[in-house]
There are 2 protein chains.
Amino acid sequence: MKPQTNTVVRLDAEDAVVQLADLFRLMGDPTRLRIILRCVNEPISVGDIAEQLMLSPSLVSHHLRLLKAARVLRGERRGKQIFYSALDDHIRCVIDDMMTHIGEPNYIEEVD
Amino acid sequence: MKPQTNTVVRLDAEDAVVQLADLFRLMGDPTRLRIILRCVNEPISVGDIAEQLMLSPSLVSHHLRLLKAARVLRGERRGKQIFYSALDDHIRCVIDDMMTHIGEPNYIEEVD
DNA sequence: TCAACATATGAACACATATTCATATGTTGA
DNA sequence: TCAACATATGAATATGTGTTCATATGTTGA
């Protein structure tokens with residue numbers, strides 16, 4: 001899959017590509033993206049995410065684990081519950097940019 | 001996978017989420033992301049992409065087809081070759097934002 | 001029209017992964 | 001410590017998908 005590395009030292013840019021792809025892949029699942037969208041505005045508990053999105057707490061937890069490991073979200077315990085929120089607001093910027101991309105008039109109903 | 005729609009009319013926001021996720025998923029594969037990165041600066045032919053990335057023309061073509069269908073890239077024929085470039089520059093903005101996200105100092109080497 | 005090149009397409013396979021279910025861990029109040 | 005709640009984890013499975021190979025389509029120059 002990865003092109004063979006003829007050079008001894010791997011390029012930093014190559015690492016960046018893999019890291020970038022990892023983040024995009026995480027945002028590439030609709031369920032996970034919905035979870036992210038629930039967290040970017042204000043901290044929200046696992047149970048509330050599950051209820052609002054009509055998902056099992058187990059599934060939400062699985063996704064949250066990936067998002068936390070990738071530094072997209074962070075979790076903070078408050079009593080029994082754990083509230084998740086965006087680690088920083090770059091994710092929100094990325095989503096906004098992509099929204100703009102979708103909103104492009106030439107995007108909709110154009111045929112090859 | 002998708003939460004059941006109790007309402008008759010599906011929400012536009014829900015469509016947007018699916019569209020967003022589709023785009024992110026496309027950028028979530030390292031090979032495809034590398035192909036995108038080769039196209040965002042200047043138009044480049046399929047063969048040149050394949051050569052520079054050390055991939056088979058067939059594989060590059062498969063990915064280009066997806067990226068073109070998703071309106072990430074566009075193809076323009078010049079003689080025998082077809083040159084691909086970014087449809088607009090929102091993709092570049094998205095990548096830049098994500099780069100910044102990766103560059104965050106608290107992203108690297110922080111432990112739970 | 002033919003050969004040579006450039007790109008696209010379809011099938012098949014191997015691998016990744018989203019989801020579910022059962023169970024475990026952790027926290028609070030009594 | 002115990003019960004009740006909240007979240008996390010592991011295994012199993014079904015589905016999705018990236019890649020390869022063979023082949024097809026399209027273009028140019030002779």
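Just the heavy atoms: all of them, side chains too, but no hydrogens, waters or symmetry mates, feed the values below. Residue numbers begin at 1 in each chain, while the letters A, B, ... track the order of the sequences.
Of all nucleotides listed (D:dG18, C:dA18, D:dC21), C:dA18 comes nearest to the side chain of A:Asp29. Residue B:His62 has its side chain nearest to D:dC21 when only D:dC21, C:dT19, D:dA8 are considered. With C:dT9, C:dT7, D:dG18 as the choices, the nucleotide that has an atom nearest any side-chain atom of B:Arg65 turns out to be C:dT9. Which of C:dT20, C:dT28, D:dG18 sits closest to the side chain of A:Ser56 comes down to C:dT20. With D:dG18, C:dT7, C:dA6 as the choices, the nucleotide that has an atom nearest any side-chain atom of B:Val46 turns out to be C:dT7. Candidate nucleotides C:dA18, C:dT9, C:dT19 were compared by shortest atom distance to the side chain of A:His63, and C:dT19 ranks first. The side chain of A:Ser61 lies closest to D:dA8 when the candidates are D:dA8, D:dC21, C:dA18. Nearest to the side chain of A:Thr31, among C:dT19, D:dA6, C:dA6, sits C:dT19.
A:Leu64 places its CG atom 10 Å from the C1' atom of D:dT7, with the value rounded to the nearest Å. If you take CZ of B:Arg77 and P of D:dT25, they are 15 Å apart, rounded to a whole angstrom. Rounded to an integer number of Å, the gap from CD1 of B:Ile82 to P of C:dA8 is 4 Å. One interatomic measurement links the two molecules: CZ of B:Phe83 to P of C:dT7, which rounds to 8 Å at whole-angstrom precision. Going from atom CZ of A:Arg32 over to atom C1' of C:dT17 covers 8 Å, rounded to whole Å. Atom CG in A:Asp22 sits roughly 13 Å away from atom C1' in C:dT17 (whole-Å rounding).
Using Watson-Crick or G-U wobble geometry with both donor-acceptor distances under 3.5 Å, D:dG26 finds its partner in C:dC5. Pair assignment for D:dC21 gives C:dG10, based on Watson-Crick or G-U wobble hydrogen-bonding distances that are each under 3.5 Å.
One finds no side-chain N or O of A:Tyr84 lying less than 4.0 angstrom from the OP1 or OP2 phosphate oxygen of D:dA6.
Using a 4.0 Å heavy-atom cutoff across all strands shown, A:Ser45 reaches sugar-phosphate atoms only and no base atom. Within the nucleic acid shown, B:Arg78 has no heavy atom closer than 4.0 Å to any nucleic acid atom.
Within the 4.5 Å cutoff, the side chain of A:Ile49 has heavy atoms near those of the A:Cys39 side chain.
Separating the CD1 atom in A:Ile35 from the CG atom in A:Leu66 is a distance of 9.5 Å, to the nearest 0.5 Å.
Other residues, nucleotides and ligands contribute at most 12 non-hydrogen atoms within 6.0 Å of the CZ atom of B:Arg74.
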